[in-house]
Each structure stands twice: as structure tokens, then as C-alpha cells.
Amino acid sequence: MIYDVQNSELHWQKEWAKAKVFDSEIDLSKPKFYCLEMFPYPSGNMHMGHVRNYSIGDSMARFQRLMGKNVLYPMGYDSFGMPAENAAKKENGHPHHVTHRNIASIRQDQERMGYSYDWNRFLATSDVNYYRWNQEIFLMFNERGLVERRSAPVNWCNECDTVLANEQVKNNRCWRCGLEVIQKDMSQWFLKMSDYSDELLDELDNITFPENVKTMQRNWIGRSHGANIDFMIRDHQSKIGVFTTRPDTIFGVTFVTLSPEHPLCEELCKNTEWELDWRKLKEECLKMSEFERINMLKDKKGVFLGKYAINPLSKEEVPIYAGNFVVSSYGTGAVMAVPGHDQRDYDFAKKYNLPIRRVLVAKESDNPEELLTSAFEGYGPMVNSPIDGFDGLSGEEAKNVVIEALKKEQSGEGTTQYRLKDWLLSRQRFWGTPIPMIHCDSCGVIPVPKESLPVELPLDVVFTEDQRGNPLDQHSDFVNVTCPDCGKMARRETDTMDTFYDSSWYFMRYCDSNNDQSPFDKEITDYWMEGGIDLYIGGIEHAVMHLLYARFFTKILRDAGLISTGEPFGRLVCQGMLNSPTPFCSRCNIDYHVDYFDKSCPTCNDKLNSRSSKMSKSLGNTVSPGDMIEIYGADTVRLFILFGANPEAGMDWSDSVLEANNRQMNSIVEAINNGLNMKKVESKIDNWLLSKLRKNQVLWIKSMSNVGIREGVMLSHFSMLSDWSWYCRRGGNNYTIAKLFIKGWLPMLSPVTPHVAEEFWHRLNEDGLLASYVLPEITEHEDDSYILAQEEYLRGVIDSARNVKGLAQRHSNQKITTLTIQTSPEWKRNLAKEVIKLQKENFNFKKEGTNYLKSLSIFGKDEFRAEIFQTWNSLTIGSKKKRGRVFTWSNNDKKLIESSLNESEFLKSNQEFLLKELDLKSISIYSVGEGEDVAGKAKVAFPLDPGMSFA
RNA sequence: GCUGGGAUACCCGAGCGGUCAAAGGGGCCGGACUUAAGCUCCGGUGGCAAGGCCUUCGUGGGUUCAAAUCCCACUCCCAGCACCA
């Protein structure tokens, strides 16, 4: 066996660990590179999605080390969270034990893949030496006034027995378990993320996130500019504050709508004939399921509340409604309804027969009295204003004038509204960071003093299957505490923190993860975090959760002076989905479990076909990394995953491609092995191989530097091998050259398939480990491209000869055995050179070509004239579909022509090779005119394109 | 509905004005090697009367001497948001 995959991989993993090659320390003499993957929740074994994530990161970390960067590449675990708690319940254990068991298991899987982590920086967020800093930072937030405890309607998930942040509710369902969330009024802890709305939004313009992530964050923050306007109520002391982005439509208001949950509703209609209807509507809205709500929203519904609001400018009185389409949490929960210029209001007005008024026209010249058949939502000049000074104004100007008028009346002002709310931080769960607060009957809610930290989670808790709620509530040692202010008995806060808090700063902790005095040292962290993490890789599912929280957190830490940078992530790469074949019914548009392969659809009985769907446990289409490693080794799995698709693209699992990639690895091994056993025979092709190596290296570095891993792999694992094959085929057999080539090749192999590369690095007798090798700067030699072009020419000749031979064979009864090649006559070559020269001077061939040609001395020969003319045209103008050859030649082609390459001599020197490649007995090669014009092919001979005839 | 990203040969995918019948990979077909299979290597893989011609890069229009590539409209797919005032 040339290469024992399994043993070799394990061997080198041990060697790397022994030599501590991946440990990183500050080194100001090198540029730093902080490479990071979103750390995993340790749920047992590593799955393919992890493999993809970490293989991308590892290849980049290894590549940057090769480039001489000081690379920080740590790994740790996001180990607080519900699943550990649930697992603990199942086995009557403690989440702490479950967590550490899982960490050991997933870490082993990661180590088997050969990832080059600096394990010294290991951290688990559920360990007290991590979460104690969560608490200290929390106290700092509190001091800075960013912590707030308040009673508010919050999202509650019954399954998870806890509240959820807005970001964690998707389509009204819990992001973790999928159960529909309900609204509850509860007193909860918030972090004032809204203080940073503007910066979080504006900074997006300056960071290199993928466009879709930016868009998602922009949508989530949802800033809109507009006005708050107060409407007085007739015969009532309260007023209604509405938010609108369209103050320019103020005169079109024909009613005001409150969300049914709005507190004013009750105030307005209590003890009136309208109360019952409102209560019904409110009930209906509160209990609506997601499905019903979507159906219902098509049908706008509302009830009159019995009172009238007064338009602050026109003083007109309009009815007040409660409407199911008004969202209570956005703006003020109340809208001024302008049916003429808002489609929702239009629909509502139609249904309840309310007046629709036009107060804008699209163009100055439009008729202000023209009836509206749907809302006109664009901008345009104001019309029909009941007060002077507004008609004719439009857009921003109109808005500003209206806002000014409102200010004068003291009933409104310009304002900005955000969709982003404060971060609801508290969870009613056990397995999270305890919120370091104490409830004292006399002193109120007060923070745990810094010197009493950490507040530790008790280990003496037994979890049982039928348990509900948070076991901390029942743990008297934990709960009972003396008040740090007055010394009386008090109760400890039992809510814990959202786990997104843990992941909002772990990347800074990595920089200094063994610090037991503070979360991290500023100087050290500034070094690694300068300009943000250089490459951050993870799933798109965190686009508005983790990635937004972490940005927010970083900005606070910056403002508190703990760190200098305000944006944590430099380049972000969101890896694509990993798909795998799945039974699919195209009629029902449903994926089925893999058990249904080759069966028919259980719903419609159609034959099921196959399509690629996201790997998931429920579909059973997952592939176990462990199994694949056992069969093929880590290198092959890594190659498959990195060559299958670029990092951002989705990729399909394919057993046959994986197998093919394994064969590719075998071929590479064999090729290198053959190279190391070569004789020392010099040949013409030697230089070509080294030129090719340099060319490939340069291209490879360019691709890899830009995270173009797929393109990089194409060069390192495919082009390099086929170039090697070509070298051998051309008779290359020079150990010295082979060694040079392999020494250049192995580093290129190492980011993606590090084990095999390391193994052969040693067989090459190189000093030290390839894993810590720094690639010297690659410079192409001056004549590289010429050498490559020459070989390219030869290949081109062989290619077209093959084509023509096929043709000839079809027209011949006997086996073709001879070839006559006539290379371009000298005058055509000279003409071509002339044309290339002219083209470089931007000569206008169309306009001046013919005259120029006539001025050439060669044109004087009558017998040639027609052919010269044709040649000239073919070189410069071309035909309808093809441009002149001078425009289609590559730079290298031009170089060959300019250098006066003697094509005949060159081909003759490769005569043996041509005979072999073309399977011929004889071949004669000469320049046009120096031998018989066989089959009249002289006239088709062009520079770099000889005439050929077979017999 | 809005926002963002897509649609390229049997499949996956690169290309993003002329060097494009379109890189690379898979699959398939043929050849060499082998007792044979596998492996490996080489070649082919839109059509045809074949150093050429014709048709093709979601559909229909347009700009251009020239379009997979630029512009317009449409269809479909994926993702996110969604009565956000």
C-alpha cells in the first residue's frame, strides 16, 4: 500500500498536536488573521452541516498560515440551552453532565477531521469560568442604564415554558420547537438594544456582509421616518397619538383606527352600546391562530367605538374605529386612516361605507375631483386642502410643511420609528446564566455586588421527566439570599439569560480565554479583533439573531472602553444548505422520508421521483460524517465538501461524486509517489512543468485569498494532477524536476487535504511540518507564458489533427496512417506580425485597412494579390460571425507569432509524440512551399493553424 | 404584496459584450492496459452532408457590426419579511 489513509491521518493529527503548531500568540511581526466558525451547540455528534462549516474555516485557516499570517482559529461550545435540560429530564441527570458528555463526543469528531484549532482556547459557555463574565458584563450594562425590568406583553412558548425575544419568533412560532407562541403580560428583563438602532442600521453600509444578510437586518431594524400626530377626542379628555409616514395626506383622514388591544379602546367605549362589539373583536384577534389570521386579514374588520377624533389641522371630526389590521406593537398602535391614499384604509372604508377623499394627485395637471377607484399611494401635489398654504406642495416638502403646521398647533412633530425593539433577555429556564439580581421587599430590585459573583447554578438538582417550570424556583439555597443593601432576607432572581447573550461576545473571549481577572484583556483583544474577525463562517439562520445581537454587544463594549472596534465581523460567509436526494411528489409538492424511494405518493398515488432537499432527520436523508470518514478518510470527505460547491452555494450530496473524489485522492497519491521514484532524465518538457507550476500557484493564491475555495481546489486537486499527467505523457522523467514540482504542489494540497499533504511532505524529506510551513513568494518567470503558449500550440495542433483525422477516416476505406502538415508560409507570418503591431496601435482596420494593405510591398506581386487580400481580411475583419484572427488570438498566441516561432521545426522536434498521440505511421512537416502542396491545404495554413491532410 | 438571490447542455456548476458549442466535475459511450472485472490513462458526449454550416445558456422583445453576457417585459424557483401606517 502506498498510503494508509486511516493510520496516516491519525498519525499526523497526533504530530500536529504534539508540535503545538496551531497554538497562536500575539506576534506583531506578522499580519494577523482571525478565522472563526459559529461555535456549535453540543448536541452529540457532529453532522454534515458542521463538517461543511468547519472544513471551509479550516481550509482558510491553513491557507492563511501558508501565506505567513498569524492565524487565530479557536473552537468552543455554545453549551447552555434547552436540549441539555430536556436530555437531563429523560435520564434523571443534570444538564451539566449531559453537556460535557456531548462536548467530549463532538470534539472527538472534530479532531478526527483534522481541523487545526487552537484547543488551548477551548471554552464552554455553560462553564462558570465563562458565564461569570456574562454576569459581570450584565452588571456593567446595568450601570450604563442599558438594563430595564418592565412589564409588557411578551411572546410565550408553552412547549419551552419560557418567554421568547421578538427575533426568536418566526411566523408567530417558536424558532426552536415550532409551537405557536401566545402573548402574556409579564415582568421581564430587557436590554435596550433600541438605543443602538441607528448605528446598527447605518453601519451596515460599511461592512462586508452578504447582501441578503444586510437586507434582512435592515428589514428587521425597520426604520421609517414620519410624524407623530395627536388627535383630540370630542367630549373626552384623552387624545390619540398616531404615527404616520405620510403627513402629507393629513387632510385625507376620514377616520382613525386603533388596534383592538389599544388601552384607549376600553376607555372610549366602556359602558356604551359599542363596548360589546369591541370586546368581541379583541377576543377574536387575541385567540386567532396564524392560519386564521392570514385568512382573516384579507377581510378587514372593525368596530366603531362611539367617539370622534378631531383633525388637528382642519378641525374636522372623524369617527374612531378599532380595526383588526392595526398592529399594536408598531408605532403607537393607532393610525390615521387615509382611504384615498392607503390601500388598507381604502378597503376598510369601502366595507364600512366611510368617505374616501382625494388629497393628492399624481401630476400637477390632473383633475383634483377625479374619483379614486383604488388608493393612490404615490407622491404628488396636494389638492383639496381645506386650509390655504398646502395645495401644490408635494413629497418631502409637503411633509415638512405639514409637520411645521402641526408643531405650531402643538399637536405633532417629526419622528422616526423602528421595528426593532429592546432585547427581551430573561428566560424562565434553568440551563442558562443566572441574572445577577436580587428582589428585596424593602430595597426593591438590586444588582448582586460584583464581589459576590459568580452566581452559580446549583449542581444538586435532579431533573425528572414530568417536571414543569424552572427548578431554580424550588431551590431554596439558591433563592434565599440576604439583601446586600439592608441585610434582610430577600429572593434571588431565578430567570436566566437568553443563550444569545452567551454567543454575543464569545469571539472576544477566545482572544484571551484563560483570563481569570476579566472577560478579556483589552490590548490582546484589540490585536485580534482589529478590523473585525477576518473571516466568520456560519449559517444564514442567524442573520437577524446572533449577528445582530453580537453587533449590538460589541458596540456597548466599545462604548464602555473594553475594546476598540465597534463591528465584530469583517468578512462574513454564510455557507449554503447541504442537500441530499429525497423522494418527492411533484403534484403535491411534498418531500417524503427516504423510506418512500421507488414508492408512490401516499396522498395522490402518483409515482414519486427524487429531488434534492435539505438534509434533515425527519426526512431521513442525512449522511453520517463518521461513516464516510471510516470508509474514505477525512481528506476525501473534506475534498468532496469543498469541491462540491463554493461556500455560499447550496450543495448536493452525491455518493458517486464522493467516490470519484476518493479516486482522485488515490490518483494524486500515486502521481506523487511516481514522481518521487523518477529517474534523472532531463527533457524539453521539464521547464514546461515548472512554468505550469508557477502559473497554477499564482492563480491558486488569488482564488483562495478570496475564499474561492472551489476554484482553488480545481487548481490544486485537478489541474495540477492533469498537468503532471501531461508531463509524464510527454516523456518527463526527471527526479529533480519532480521534486520541485511536488514541493510546490503539497502546500497547495494542504488546506483541503492536509493529512495526505503532510505525509508526502515528510517523504519528500522536508524539514518540519507542512502545517507550519510558510509559502515563499511566488514570482512567475519572464518566459513562463512563452513556454506554456508553445505547449498550448502543440496541444492545439493535436486536437485539430484528431478532428480532421476522424473526418478523413470516414471518407476513407483504408486505415489512415500518414499525415502531412504544412505550416504557414513566411509571408502570412509577416503579415500577421504587421497586423498585431497595428492592432496594438489601435489601427482602424475597417476604415484604413485596404489602403494600408495596398501600400505594402508584398501586395505588388500580381499572382498573389487575391490570396493576400483574403488573408488580410481573415486576419483583420473576419466573417459575419467571427472576428478577425488578430482579435481572437490570446496574448500568448501573439507572443508566439511575434517571436517568429518556427512552427515546422517545433513540430518536427515533437514528431515522435505526434505519431504516438495520433496513432500514425508517418508524418511529414514543412512550411508551405517547401514541399508538395498535398490536397491543396497550403491555402488554409495560417500562423498557429497549419494545413493538414491525412492519407 | 415587498425585498434579496436565481434559471447555462443528461445532472451539478463556471462564464457575465467578440478568443463561446460554452471551463471543471459527475454520469454515460468508446479506446489503451488487464486472463477478466476494478483501478489508472486517453478520447468522445447538441445536430448535420463536418478544418464547415445550423440550432442552443428560462420566455418574448430591444440595443449592437457582434449578446449566455447589456436594457425592457413576462414566467417560474429559492430565501427573508409581511395589513409596519
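The analysis underlying the following values was restricted to heavy atoms, covering all of them including side chains, and did not include hydrogens, waters or symmetry mates.
- Note: A/F348 and A/Y352 have tilted aromatic rings, judged against thresholds of 30 and 60 degrees for the angle between ring planes.
- The residues A/K692 and A/E791 are annotated as not salt-bridged, no charged nitrogen and carboxylate oxygen being separated by less than 4.0 angstrom.
- Annotation: of the two residues near RNA chain B, A/I540 and A/S722, the 5′-most nearest-nucleotide partner is A/S722.
- For B/rC78 and B/rU34, the C1' atoms lie 49 Å apart once the distance is rounded to whole Å.
- Of the candidates B/rG51, B/rA14, B/rA85, the closest approach to any side-chain atom of A/N646 belongs to B/rA14.
- A/K300 and A/Y346 are not linked by any side-chain donor-acceptor pair at a separation below 3.5 angstrom, with hydrogens and angles left out of the test.
- Salt-bridge annotation for A/E377 and A/R246: absent, with no side-chain N of the basic residue lying under 4.0 Å from a carboxylate O of the acidic one.
- The interatomic distance linking A/D342 (CG) with B/rG1 (C1') rounds to 13 Å, in whole Å.
- Listed candidates were B/rG24, B/rA50, B/rG51. Nearest to the side chain of A/V804 is B/rG51.
- A/H225 has its NE2 atom 15 Å from the C1' atom of B/rC84, to the nearest Å.
- Nucleotide B/rU45 forms a Watson-Crick or G-U wobble pair with B/rG27, both donor-acceptor distances falling under 3.5 Å.
- Within 3.5 Å, no donor on the side chain of A/K214 pairs with an acceptor on the base of B/rG4, nor the reverse.
- When both distances must be under 3.5 Å, the Watson-Crick or G-U wobble mate of B/rG58 is B/rC74.
- Distances were taken from every side-chain heavy atom of A/M714 (C-beta onward) to each of B/rU40, B/rA23, B/rC84; the shortest belongs to B/rA23.
- Here, B/rU69 and B/rG17 have their P atoms 10 Å apart, quoted to the whole Å.
- Listed candidates were B/rC83, B/rA85, B/rA50. Nearest to the side chain of A/H811 is B/rA50.
- Inspection of the A/N674 and A/E670 side chains reveals no N or O donor paired with an N or O acceptor under 3.5 Å.
- Nearest to the side-chain atoms of A/R710 among the listed nucleotides B/rG13, B/rU40, B/rC84 stands B/rG13.
- If you check every strand for non-hydrogen atoms under 4.0 Å, A/V544 touches nothing.
- Of the candidate nucleotides B/rA85, B/rG51, B/rC42, B/rA85 has the atom nearest to the side chain of A/Y330.
- The partner of B/rU3, taking Watson-Crick or G-U wobble pairs whose two distances both stay under 3.5 Å, is B/rA79.
- Taking the ring axis of A/F643 as reference, the NZ or CZ atom of A/R710 stays within 45° of it and closer than 6.0 Å to the ring centre.
- With hydrogens and angles left out, the side-chain atoms of A/H717 and A/T753 include a donor and acceptor closer than 3.5 Å.
- Nucleotides B/rG44 and B/rG24, compared at atom P, are 11 Å apart to the nearest Å.
- Within 4.0 Å of A/R885, counting heavy atoms only, lies no atom of the nucleic acid at all.
- Between the C1' atom of B/rA82 and the CE atom of A/M216 lies a distance of 14 Å, rounded to the nearest Å.
- Within the nucleic acid shown, A/S800 has no heavy atom closer than 4.0 Å to any nucleic acid atom.
- With hydrogens and angles ignored, no donor-acceptor pair under 3.5 angstrom links the side chain of A/D652 to the base of B/rC11.
- Residue A/R419 places at least one side-chain N or O closer than 4.0 Å to OP1 or OP2 of B/rA82.
- Protein atom CD of A/E167 is 14 Å distant from nucleotide atom C1' of B/rC81, rounded to whole Å.
- The P atoms of B/rU56 and B/rG51 are separated by 22 Å, rounded to the nearest whole Å.
- Phosphate proximity of B/rG25 to A/H717: absent, as no side-chain N or O sits under 4.0 Å from OP1 or OP2.
- Note: CG (A/N579) to P (B/rA79) measures 10 Å, nearest angstrom.
- Using atom P as the reference point in both B/rC20 and B/rA82, the two lie 47 Å apart (nearest Å).
- Across the protein-nucleic acid pair, A/K805 atom NZ and B/rA50 atom C1' stand 17 Å apart, rounded to whole Å.
- Taking the P atom of each, B/rC81 and B/rG46 are spaced 43 Å apart, rounded to whole Å.
- When distances are taken from the side chain of A/F643 to each of B/rG25, B/rC84, B/rU19, the shortest belongs to B/rG25.
- When each of B/rG4, B/rU19, B/rG27 is scored by its nearest atom to the side-chain atoms of A/S656, the top-ranked nucleotide is B/rG27.
- Within 4.0 Å (heavy atoms only), A/P247 reaches no atom of the nucleic acid at all.
- Within the shown strands, nothing qualifies as a pairing partner of B/rG38 under the Watson-Crick or G-U definition with both distances less than 3.5 Å.
- Nearest-nucleotide positions on RNA chain B place A/W726 closer to the 5' end than the other of A/W726 and A/G947.
- Put simply, CZ on A/F243 is 9 Å from C1' on B/rC84, counting in whole angstrom units.
- Looking at heavy-atom distances under 4.0 Å, A/T244 makes contact with sugar-phosphate atoms alone, never a base.
- In this structure, A/Y727 and A/W724 have tilted ring planes: the angle between them lies in the 30° to 60° band.
- Rounded to an integer number of Å, the gap from A/Q664 CD to B/rG26 P is 7 Å.
- With B/rC41, B/rG27, B/rG80 as the candidates, the nucleotide lying closest to the side chain of A/N219 is B/rG80.
- We find that A/K815 and A/D919 are joined by a salt bridge, their nearest charged nitrogen and carboxylate oxygen being less than 4.0 Å apart.
- One P atom belongs to B/rG15, the other to B/rG5, and the distance between them is 16 Å to the nearest Å.
- Pairing for B/rG17 is absent, judged as Watson-Crick or G-U wobble with the two contacts each under 3.5 Å.
- Considering only the side chain of A/S725, B/rC42 comes nearest among B/rU19, B/rG51, B/rC42.
- For the C1' atoms, the distance from B/rC77 to B/rA32 is 45 Å, rounded to whole Å.
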